[in-house]
Amino acid sequence: MTSEIRRTFYPLIATADPDTSMEWLEKAFGFVPHNVYRDDSGKIVHAEMGYDTGLFMFGAGVRVKAAVYVAVDDPDAHHDRAKAAGAEIFRELADTDYGSRDYAARDLDGNEWYFGTYRP
């Protein structure tokens with residue numbers, strides 16, 4: 001008999017300048033920074049940002065091609081806020097064939113973020 005083990009995973013976003021990226025993500029998308037750890041020189045080595053009940057880790061490093069999908073209740077308002085903060089929208093807000101209303105944007109480091117009503 002096997003027992004089910006519940007695990008939670010958190011995406012890790014690497015960026016060349018975590019301070020600037022985190023500030024922009026907070027302004028553009030409403031992410032909330034917390035648990036920020038810095039080295040002796042004051043540079044971020046690890047941080048966490050939350051969005052509603054979700055969490056992702058954030059740190060200094062070389063960016064790799066990655067994408068994160070974040071479910072939001074009001075993608076229209078979210079899109080407008082992101083655009084006003086200077087987000088690079090590379091896929092405009094639209095209804096999808098699979099029932100979501102979503103859009104996609106790039107952050108300052110070129111990481112791709114997808115926001116919409118999709119709930120797995």
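Values reported hereafter were calculated over all heavy atoms of this structure, with side chains retained and with hydrogens, waters and symmetry mates removed. Here the structure is a predicted model, which means the values were calculated and not measured.
- Using a 4.5 Å cut-off on side-chain heavy atoms (C-beta onward), Pro11 and Phe56 make contact.
- Note that CZ of Arg38 is 11.0 Å distant from NZ of Lys43, once rounded to the nearest 0.5 Å.
- The two residues Asp19 and Ile44 have their closest heavy-atom pair at OD1-CD1, 3.3 Å.
- The shortest non-hydrogen separation linking Asn111 to Ala14 is ND2-O, 3.7 Å.
- Asn35 pairs by the side chain to side chain donor-acceptor pair (under 3.5 Å) definition with Glu48, not counting sequence neighbours.
- Side-chain atoms of Ser100 and Tyr69 include a donor-acceptor pair closer than 3.5 Å.
- With a 6.0 Å radius and a threshold of 12 heavy atoms from other residues, nucleotides or ligands, Glu26 has its CD atom above the threshold.
- When all heavy atoms of Met22 and Pro33 are compared, the closest pair comes out as CE-CB, 3.5 Å.
- Side-chain contact annotation: Asp107 with Trp24, donor-acceptor N/O pair under 3.5 Å absent.
- Judged by distance alone, the side chain of Asp39 and the main-chain N or O of Ser41 form a donor-acceptor pair under 3.5 Å.
- Aromatic ring pairs are classed by plane angle as parallel below 30°, tilted from 30° to 60° and perpendicular above 60°; the pair His78 and Tyr103 is tilted.
- The pair Arg81-Asp74 fails the salt-bridge criterion, with no side-chain N (NZ, NE, NH1 or NH2) lying under 4.0 Å from an Asp/Glu carboxylate O.
- The shortest non-hydrogen separation linking Ala105 to Ile89 is CB-CD1, 4.0 Å.
- Across every non-hydrogen atom of Ala28 and Ala85, the tightest pair is CA-CB, 3.4 Å.
- Residues that satisfy the side chain to side chain donor-acceptor pair (under 3.5 Å) test with Thr20, not counting sequence neighbours, are Asp17.
- In this structure, the ring of Phe29 has its center no less than 6.0 angstrom from the ring center of Tyr51.
- Within the structure, salt bridge (Lys or Arg N to Asp or Glu O under 4.0 Å) contacts touching residues 96-106 (residues at least two apart or in different chains) are Asp76-Arg101, Glu88-Arg106, Arg91-Asp102, Asp95-Arg101, Arg106-Glu112.
- Of all heavy-atom pairs spanning Thr15 and Ser21, the tightest one is OG1-OG, 2.9 Å.
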